[in-house]
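Encoded as structure tokens, the structure appears first; notes follow it.
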Amino acid sequence: MSTSTSRRAPGSALPRGGGREAARQSTLREHNLAVVLQRVVDAQAVGAPLSRAAIAGEVGLARATVSDLVDRLIQARLVTELEPLTASRAGRPAVPLAPCGRSVVGLGLSVGIDHLSALVLDLAGITVSERVVEVDLRGCDPDRTFARLAELAAETVRAVTADGMRVAGACVALPGLVSRETTTLRYAPNLDWHDIAVDDALTRHPALAHLRVTAANDADLSARTEVEERRRRDRRPAEAQNFLFAYGAVGIGSAVVLGGRVFEGMHGWGGEIGHVVVDPDGRPCHCGAVGCLEPYAGKDAMVEAAGMPPGTTTAALSGAAETAGPAADAVDAAARALGQAAATVVNVVDVDEVVLGGVYATLHGRLSPRVLAELERRAVIARWAAVRVSPALGGSSSPARGAALTVLDDVIADPSAWLVTAG
């Protein structure tokens, strides 16, 4: 998990430069607690837990200092000791460390066009609880929708706290532009929602009044999940991950990942590939413009072009596209439009991989070669470096999981806040 602060957007870089104050002893201890916890979490993620001595060697602190910090983290139920390793020589065997499971947890919430969900994730990366409510939210009143989401979140919080877990906070994945300074959903074009104070909408529920609530774009949070899944499954260090993440749903979102971090732009609204123009005189888009990618390559657009009824599942569309006919033609046309838009982004940010998530992951077999053909034709980088198109690893729960990960990022960045709750 990448380190973040309470006011940073998901996956964004740590602040650099001026304005730093001299570190007090207590500030230094808090910093070192975060460094040690980060190493414990990172090592566990790649299946290679570290001992106190190994961490001391990696971070450049004295063994006694690391041992004291680890003891504090164990007392706070943030870290636990595993079984000692078999000693290869005389002396005490090394005791590997791991993040404590089912102790401090993050709550990830997701609002989609067709669902509400709540997912609880612990520091060990294990999904403790997941609840999904399938519902068509087109045209739904936002106040009623957030009241329903709040009740789902409250039920989830009550269940995990009854089992002794401590909920560090909640983050909401939303299909639109989110202000990271005010936790406000500015605009969700496919829901026609405007200027909703997400934290107020949730914390008015009595069971959630004590929670810190943040919000972020669903594609950005899915990209955050993708970084973590690649690190866990493929052992790819976060800092070595650079790609364009295209997240297909009714609408289309995306995120640019550079060095394992989501690059969100000045206002946190970067990555709106669904509104890259692919035909200046083309179809109208929900955003108010014409010729955007979304009316050509969104799920509803593909279903309509295939002549299939509204509400057709992605699996059904994928199955129909396997044989020649309208469905195959619709998906192929979407792939070409997506490839054109992706090539534009690749030319701007200089990455050599496009990752297809959401409905695009299900349609990957049909989409990939056609998207790749457009990239090879239009991306300047393709003349000198191979470009790739890959399916996302995160699955359908990636927005909610990414939301929960960002909550836990804050725990890792400031574990000292949890020391007083140990007991």
[X]: salt bridge (charged side-chain N to carboxylate O under 4.0 Å, His left out) partners, not counting sequence neighbours:
X      : answer
Arg186 : Asp195
Arg158 : Glu151
Glu30  : none
Asp163 : Arg102

Check whether any side-chain N or O of Glu229 sits under 3.5 Å from a backbone N or O of Gly394 as a donor-acceptor pair, and report yes or no.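 Here the side-chain-to-backbone pair does not exist.
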Taking side chain as C-beta onward, heavy atoms only, is Val354 less than 4.5 Å from Val387?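 When only atoms from C-beta onward are counted, Val387 and Val354 do not touch, as no gap falls below 4.5 Å.
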With a 4.5 Å cut-off on side-chain heavy atoms, are Asp192 and His286 touching?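 Side chain of His286 against side chain of Asp192, heavy atoms only: no contact under 4.5 Å found.
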By ring pair (Phe, Tyr, Trp, His ring centres under 6.0 Å) - contacts of [X] (at least two apart):
X      : answer
Phe243 : none
His194 : Tyr187
His31  : none

Test side chain to side chain contact (heavy atoms under 4.5 Å, CB included) applied to [X] - qualifying residues, sequence neighbours left out:
X      : result
Leu82  : Pro49, Pro96, Ala98
Ser396 : none
Arg131 : Ser129, Leu152, Glu155, Thr156, Ala159

Separation of Leu78 CG from Leu97 CG (nearest 0.5 Å):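 Leu97 CG to Leu78 CG: 12.5 Å, rounded to 0.5 Å.
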Apply side-chain hydrogen bond (donor to acceptor under 3.5 Å, both in side chains) to Asp234 and list each qualifying residue two or more places apart in sequence or on a separate chain.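 With sequence neighbours excluded, Asp234 shows a side-chain hydrogen bond (donor to acceptor under 3.5 Å, both in side chains) to Arg236, given in chain and number order.
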Verify salt bridge (charged side-chain N to carboxylate O under 4.0 Å, His left out) between Asp200 and Arg204, making sure each step is shown before the conclusion. CA-CA 6 Å; Asp200 291 343; Arg204 67 178 59 141; over 6 Å; no
Is Glu226 salt-bridged to Arg230, going by a charged N under 4.0 Å from an acidic O?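 Yes.
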Pair Asp68-Arg29, salt bridge (charged side-chain N to carboxylate O under 4.0 Å, His left out): steps then yes or no: CA-CA 10 Å; Asp68 175 67; Arg29 182 170 59 251; over 6 Å; no
For a quick test of your reading: what N or O donor-acceptor pairs under 3.5 Å do the side chains of residues 335-348 make, sequence neighbours left out?
residue : atom : partner : partner atom : Å
Thr344  : OG1  : Gln340  : O            : 3.2
Asn347  : OD1  : Val380  : N            : 2.8
Asn347  : ND2  : Ala343  : O            : 3.3
Asn347  : ND2  : Arg378  : O            : 3.2

